[in-house]
Amino acid sequence: MNGMGTLHTSIWTGYIIWPKGDMGLHTCRVYETLQEASDAAQEHADSHHRPYEVRAAYETPQRIIRTFNPRRR
């Protein structure tokens with residue numbers, strides 16, 4: 001809230017990672033850079049053995065940026 005008693009709003013910028021095809025609600029971290037989000041998505045894909053997507057953290061026509069599949073071992 002600012003000094004006038006109104007709520008200050010701003011547009012979020014950044015990236016989130018999300019399990020591919022999952023429509024449920026999740027608590028997520030907003031990554032500042034695409035590289036950070038991409039690294040985290042690859043780690044999650046590998047550890048959870050399922051694809052993860054990097055998405056824009058704000059509404060945009062091209063919301064899904066990239067999909068990461070688990071690496072073969």
Side-chain angles (χ1 to χ4, degrees):
M1 291 200 150
N2 65 21
M4 302 300 291
T6 60
L7 183 63
H8 173 72
T9 59
S10 62
I11 297 173
W12 283 38
T13 59
Y15 305 92
I16 59 174
I17 61 173
W18 206 265
K20 183 176 181 175
D22 195 340
M23 300 303 285
L25 296 176
H26 297 273
T27 302
C28 61
R29 175 179 170 194
V30 176
Y31 297 89
E32 291 183 21
T33 67
L34 180 56
Q35 185 60 52
E36 278 183 305
S38 296
D39 292 344
Q42 186 64 66
E43 288 178 26
H44 277 73
D46 291 345
S47 66
H48 295 278
H49 309 290
R50 64 184 290 189
Y52 270 74
E53 298 171 335
V54 173
R55 297 180 176 184
Y58 48 89
E59 289 299 322
T60 177
Q62 182 63 34
R63 185 142 192 210
I64 297 172
I65 307 297
R66 187 166 176 204
T67 300
F68 290 86
N69 292 306
R71 290 181 273 220
R72 305 234 186 255
R73 296 189 188 245

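Side chains are part of it too, since the values below use all heavy atoms of this structure and drop only hydrogens, waters and symmetry mates. For clarity, every value in this text was computed on a predicted model and none was experimentally measured.
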Donor-acceptor contacts under 3.5 Å from residues 14-25 side chains, at least two apart:
residue : atom : partner : partner atom : Å
W18     : NE1  : D22     : O            : 2.9
D22     : OD1  : G24     : N            : 2.8
D22     : OD2  : H26     : NE2          : 3.0

Report task. Could I get the full list of side chain to side chain contact (heavy atoms under 4.5 Å, CB included) partners for E36, not counting sequence neighbours? Result ->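 Only R29, Y31, E32, T33 meet the side chain to side chain contact (heavy atoms under 4.5 Å, CB included) criterion with E36.
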Query raised in the report: Looking at residues at least two apart in the chain, or sitting in another chain, which of them share a side chain to side chain contact (heavy atoms under 4.5 Å, CB included) with I64?
Result: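 With neighbours one apart ignored, the set is E53, R55, T67.
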Report task. Only counting residues at least two apart or in another chain, list the ones meeting side chain to side chain donor-acceptor pair (under 3.5 Å) with N69. Result -> none
Query - Residue pair A57 / V30: nearest heavy atoms and the distance that separates them - result: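 Residues A57 and V30, closest heavy atoms: CB-CG1, 4.1 Å.
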Query raised in the report: Of all heavy-atom pairs between P70 and P51, which one has the smallest distance, and what is that distance?
Result: CD-N, 3.9 Å
Requested in this report: Identify, with sequence neighbours excluded, every residue that meets ring pair (Phe, Tyr, Trp, His ring centres under 6.0 Å) alongside Y52.
Outcome: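 Y52 satisfies ring pair (Phe, Tyr, Trp, His ring centres under 6.0 Å) with H44, H48 once adjacent residues are dropped.
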**Report entry** Pairing residues for R63 by the salt bridge (charged side-chain N to carboxylate O under 4.0 Å, His left out) criterion, not counting sequence neighbours
**Finding:**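 By the salt bridge (charged side-chain N to carboxylate O under 4.0 Å, His left out) rule, R63 matches E59.
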